[in-house]
Asker: 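Below you'll find the structure I mean.
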Amino acid sequence: MTLIEELLDLQIPPSIKLSPSGQQVLYSTSYTFDHMKGDHKQSTLWLADTGKQHSARQLTTGERHDHDPKWSPDGRSIAFISDRGKQGESSALYLMSATLPGEAFPLTPAENERGIAKFEFSPDGKTVAFISADEKTEDQKKREKEKDDVQVWGQDWEFNHLRLLDVASKKVTVLEGRQFHITDFAFSDDGSKIAYAKTKTPHIESPFQFGTTFCVLDIVTKKSLDLSHFPEGARGPLTWAGSDLYFLGPKAETIQTCSQVVFRLRTDGKEEVKYEYHAYGETNCAFALVKAGGDVIVKVEDGMHDQLRILNGHTLFSKKKLIEAWDAAFTHNSDEIVLAIAQGDTNHPTEVFTTTASGGAMVQLSSHGKAFADRNFGTCTYLSCPSTDGKVTLECPFYTPASAPTEPNGKPSTPLPTVILIHGGPYTRHNERFDGLYFMWAPYLLASGYAVLTVDYRGSSSHGDAWARYAYKGCGTHDYADIIAQTQCAIDNGWADKTRLVVGGYSQGGFLSYLASVRNGTHGLGWDFKASIPGAGMTDLDSMCFTSDVGFWEAEICGGGAPWTLRKGDTSNRAGSAIWEFAEAVEKGVRIPPMLILHGEKDERVPIEQGRAMRRAMESTGLVFEYVTYPREPHLMQERKHIVDTGERVKGWVEKWIGPGV
């Protein structure tokens with residue numbers, strides 16, 4: 001295999017669960033971004049012993065999509081979702097023993113096709129709650145086969161319903177089957193009630209438009225009480241601890257483009273109550289919740305640190321590295337908290353570790369990156385600088401390739417050919433990790449002798465509400481300026497060679513790569529990008545509001561807002577649209593760099609017309625470009641051969657325009 005193929009063959013753990021005793025770790029692995037090596041997704045289940053080095057052992061073959069594993073409350077059984085009934089088409093719950101040999105067996109019909117969005121054991125382990133849509137009727141199947149399947153907006157919604165499975169009998173009862181869409185749920189501590197979150201329709205935009213309503217259902221009586229309505233899309237996992245429900249949501253409550261915080265909702269009343277802001281979001285951002293005993297543990301992004309914190313207490317774990325997956329539990333007959341964490345770094349692919357909250361050693365349980373055990377890709381150094389307007393301090397990782405000569409302090413002896421990679425989102429951020437951007441581009445470039453600067457920018461996560469809100473009606477302004485400032489910082493401090501720079505990114509990073517191209521060198525700092533690589537990027541914000549599957553959210557980041565709310569002569573949305581800056585850039589003699597445009601043909605998030613527009617612009621003016629489209633691919637590509645192609649093209653484009661690496 002080529003190096004990019006070897007990198008894409010790495011098994012990444014997206015899900016980790018500690019056993020009820022805290023003595024074992026259950027997890028699943030899949031290829032990066034859950035892509036397909038063949039015709040179907042594949043995922044493998046693993047079991048390891050807490051604190052025992054390299055103890056991970058394979059539970060399932062990895063030939064099917066066995067994923068989202070969970071322990072039964074007594075720790076004797078493992079449940080998971082799989083397509084074993086019909087690969088790539090079915091979705092069912094399976095159960096296997098955690099202590100005895102034997103095959104897993106289906107708890108729900110193996111031939112079911114509707115996806116299971118979530119499942120959880122009840123506290124006593126006798127039942128499993130899950131949410132899924134009803135299976136297609138024979139009439140629906142007949143109409144689809146005969147192509148008599150006209151779709152009318154607002155009709156024939158595939159609502160997710162709340163169901164309860166009796167583990168012993170396999171009988172499934174519909175607990176809540178009314179015409180609304182259930183997105184999340186959680187059991188009460190005693191298992192007598194289930195809290196659930198609902199929105200009006202299954203469409204991805206429904207939470208943005210209509211908000212989220214939280215309800216509590218009595219399992220015996222099946223009576224449901226609406227507790228509270230949150231005006232925006234809430235995020236999970238919904239967590240019930242004592243008499244309080246906790247959920248994640250946007251701090252502003254009425255827009256998504258802000259920091260994510262923890263909200264609390266009381267459940268001990270008999271009437272509708274008001275949710276309340278509870279924690280985080282001022283200078284950091286909350287990203288996930290896990291219940292451990294009576295405590296709630298929160299994953300927090302704080303600057304470049306990924307942290308695990310007790311909700312109302314202290315920090316348990318903090319590193320300037322990505323936590324890919326995690327869990328927390330109290331050890332048996334002890335108040336010690338054990339942590340299971342999936343993490344990697346510049347030279348080490350993601351592995352599963354355990355440690356303790358009191359500061360115990362990080363013990364590596366897995367060996368998924370053993371093929372690269374003797375491989376050195378480089379080093380990571382965090383660079384910081386003020387923004388060009390002096391309002392904030394910017395920080396981002398700079399990866400130096402192992403082949404580069406360096407000073408004793410790690411700084412390269414001479415400035416390096418550098419690829420500036422821009423993350424998507426915008427509400428995310430990239431700290432140190434093995435795969436510095438997406439699709440293993442970063443380690444592949446490092447191995448080829450190129451430095452990689454993974455810039456951060458205002459509008460991203462981890463810095464709190466004021467920072468995140470820079471993206472609100474502001475994309476293409478401060479974010480672009482921050483990319484230039486960090487590139488200049490790398491140049492000024494001798495890390496990056498200003499004559500050998502390439503800019504690239506994916507999704508929002510593709511959008512900013514387009515902008516950097518049409519504004520190339522206009523900053524007046526004496527350098528420009530020699531080439532650009534926009535992947536799945538936006539070029540026109542107005543049309544994004546019309547065509548993206550999340551057009552209502554896209555409207556928040558436009559300069560003027562949703563086009564259908566603007567006057568005919570209002571062109572404010574053009575301020576952040578590269579296609580509308582193109583003609584003027586050509587007229588002024590801006591050196592629009594050679595452009596490698598990458599886009600999936602079935603991208604619903606950033607439809608392919610965005611890339612096609614720039615292809616037409618480049619072609620009409622005789623500028624150098626390569627326009628590559630990938631059949632069948634959604635926003636994040638899923639097929640191995642296509643992803644390999646992107647990596648090889650990225651490396652080839654970089655080498656063509658700034659020469660070989662060091």
Side-chain angles (χ1 to χ4, degrees), residues 2-5 7-8 377-378 399-404 412 414-422 436-455 483 487 490-491 495-506 509-510 512-521 527-537 539 578 582 585-586 590-599 611-612 614-630 637 641-662:
T2 63
L3 176 58
I4 188 66
E5 289 173 320
L7 290 166
L8 291 169
F377 288 88
Y399 297 89
T400 302
S403 56
T414 57
L416 300 172
T418 301
V419 181
I420 291 84
L421 292 181
I422 311 170
L437 188 76
Y438 310 114
F439 308 131
M440 298 295 174
W441 290 359
Y444 193 41
L445 289 168
L446 286 173
S448 303
Y450 299 101
V452 174
L453 179 67
T454 55
V455 290
I483 291 161
T487 305
I491 293 169
W495 295 82
D497 182 348
K498 69 177 183 179
T499 68
R500 301 178 70 190
L501 301 173
V502 174
V503 65
Y506 205 85
L512 288 165
S513 298
Y514 279 128
L515 279 183
S517 299
V518 297
R519 299 174 183 177
N520 198 24
W527 55 267
D528 60 13
F529 297 113
K530 303 308 179 189
S532 69
I533 308 170
T539 58
F582 186 88
V586 172
V590 173
R591 183 190 167 276
I592 298 176
M595 197 179 295
L596 174 61
I597 302 170
L598 307 171
H599 220 117
R612 188 176 293 151
M614 188 58 74
R615 185 267 297 170
R616 285 176 171 150
M618 297 288 284
E619 197 166 37
S620 69
T621 50
L623 293 172
V624 177
F625 72 94
E626 189 170 300
Y627 177 61
V628 187
T629 65
Y630 296 91
M637 294 187 194
K641 290 181 179 179
H642 289 163
I643 297 173
V644 168
D645 183 83
T646 68
E648 291 174 340
R649 286 184 189 277
V650 165
K651 178 192 168 186
W653 198 251
V654 170
E655 187 172 21
K656 180 175 183 178
W657 296 107
I658 64 171
V662 295

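Basis for what follows: all heavy atoms, side chains included, without hydrogens, waters or symmetry-related copies.
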Asker: Could you work out, with side-chain contact (heavy atoms from CB on, under 4.5 Å) as the rule, every residue matching P415, not counting sequence neighbours?
Answerer: D497
Asker: For Y399 and L421: C-alpha separation, side-chain torsions, deciding distance, then whether side chain to side chain contact (heavy atoms under 4.5 Å, CB included) applies.
Answerer: CA-CA 11 Å; Y399 297 89; L421 292 181; over 6 Å; no
Asker: Report the C-alpha distance between V650 and L598 in whole Å, list the side-chain angles of each, state the deciding distance to 0.1 Å, and finish with yes or no for side chain to side chain contact (heavy atoms under 4.5 Å, CB included).
Answerer: CA-CA 10 Å; V650 165; L598 307 171; 4.2 Å; yes
Asker: Do any pairs count as a salt bridge (charged side-chain N to carboxylate O under 4.0 Å, His left out) and have a residue in residues 614-628, sequence neighbours left out, and if so which ones?
Answerer: R615-E619, E626-R649
Asker: Looking only at heavy atoms, which two atoms of A442 and L437 are closest? And how far apart?
Answerer: CB-N, 4.1 Å
Asker: If you compare all heavy atoms of W657 against all heavy atoms of V624, which two are closest, and at what distance to 0.1 Å?
Answerer: CZ2-CG1, 3.8 Å
Asker: To the closest 0.5 Å, what do you measure between CZ (F625) and CE (M618)?
Answerer: 7.5 Å
Asker: Under the salt bridge (charged side-chain N to carboxylate O under 4.0 Å, His left out) test, which residues partner R500, sequence neighbours left out?
Answerer: none
Asker: Measuring from W653:CH2 to K530:NZ, what's the distance to the nearest 0.5 Å?
Answerer: 15.0 Å
Asker: Are the side chain of S403 and the backbone N or O of V662 linked by a donor-acceptor pair below 3.5 Å?
Answerer: yes
Asker: In the structure I gave you, are the side-chain heavy atoms of Y450 and V502 within less than 4.5 Å of one another anywhere?
Answerer: no
Asker: Do F529 and S513 touch side chain to side chain, with heavy atoms closer than 4.5 Å?
Answerer: no
Asker: With a 4.5 Å limit on heavy-atom distance, are the side chains of Y438 and M637 in contact?
Answerer: no
Asker: Could you tell me which residues satisfy side-chain hydrogen bond (donor to acceptor under 3.5 Å, both in side chains) with S532, sequence neighbours excluded, listed by chain and number?
Answerer: S517
Asker: Mind checking whether M614 and Y627 have side chains closer than 4.5 Å, heavy atoms only?
Answerer: no
Asker: F582 versus L623: any side-chain heavy-atom pair under 4.5 Å?
Answerer: yes
Asker: What's the spacing between N520 CG and D528 CG if we round to 0.5 Å?
Answerer: 4.5 Å
Asker: Would you please name every residue forming a side-chain hydrogen bond (donor to acceptor under 3.5 Å, both in side chains) with K651, sequence neighbours left out?
Answerer: none
Asker: Which heavy atom of T400 sits nearest a heavy atom of L446, and at what distance?
Answerer: C-CD2, 4.0 Å
Asker: Would you say W495 and P412 make side-chain contact, with heavy atoms under 4.5 Å?
Answerer: yes
Asker: Using the side chain to side chain contact (heavy atoms under 4.5 Å, CB included) rule, take E648 and Y444 through it: C-alpha gap first, then chi angles, then the decisive distance, then the call.
Answerer: CA-CA 9 Å; E648 291 174 340; Y444 193 41; 4.1 Å; yes
Asker: In Å, rounded to the nearest 0.5 Å, how long is the span from CD of E655 to CG of L445?
Answerer: 10.5 Å
Asker: Tell me every residue that passes side-chain contact (heavy atoms from CB on, under 4.5 Å) with E5, counting only those two or more places apart in sequence or in another chain.
Answerer: M1, T2, V644
Asker: Let's go through M440 and I4 carefully: what are the C-alpha distance in whole Å and the side-chain angles of both, what is the deciding distance for side chain to side chain contact (heavy atoms under 4.5 Å, CB included) to 0.1 Å, and is it a yes or a no?
Answerer: CA-CA 7 Å; M440 298 295 174; I4 188 66; 4.1 Å; yes
Asker: At their closest point, which heavy atom of P534 faces which heavy atom of Y514, and how far apart are they?
Answerer: CG-CE2, 3.4 Å
Asker: Quick one: closest heavy-atom pair of F439 and I643, and the distance?
Answerer: CB-CG2, 3.8 Å
Asker: Taking the side chain as C-beta and beyond, is there a heavy-atom pair between V628 and L596 under 4.5 Å?
Answerer: yes
Asker: Over all heavy atoms of both residues, which pair between I420 and L501 is shortest? Give the atoms and the distance, please.
Answerer: CD1-CD2, 4.0 Å
Asker: Do T646 and Y506 have side chains that get closer than 4.5 Å, going by heavy atoms?
Answerer: no
Asker: Name the residue from L515, I533, I483, T454 that meets the side chain to side chain contact (heavy atoms under 4.5 Å, CB included) definition with I422.
Answerer: I483
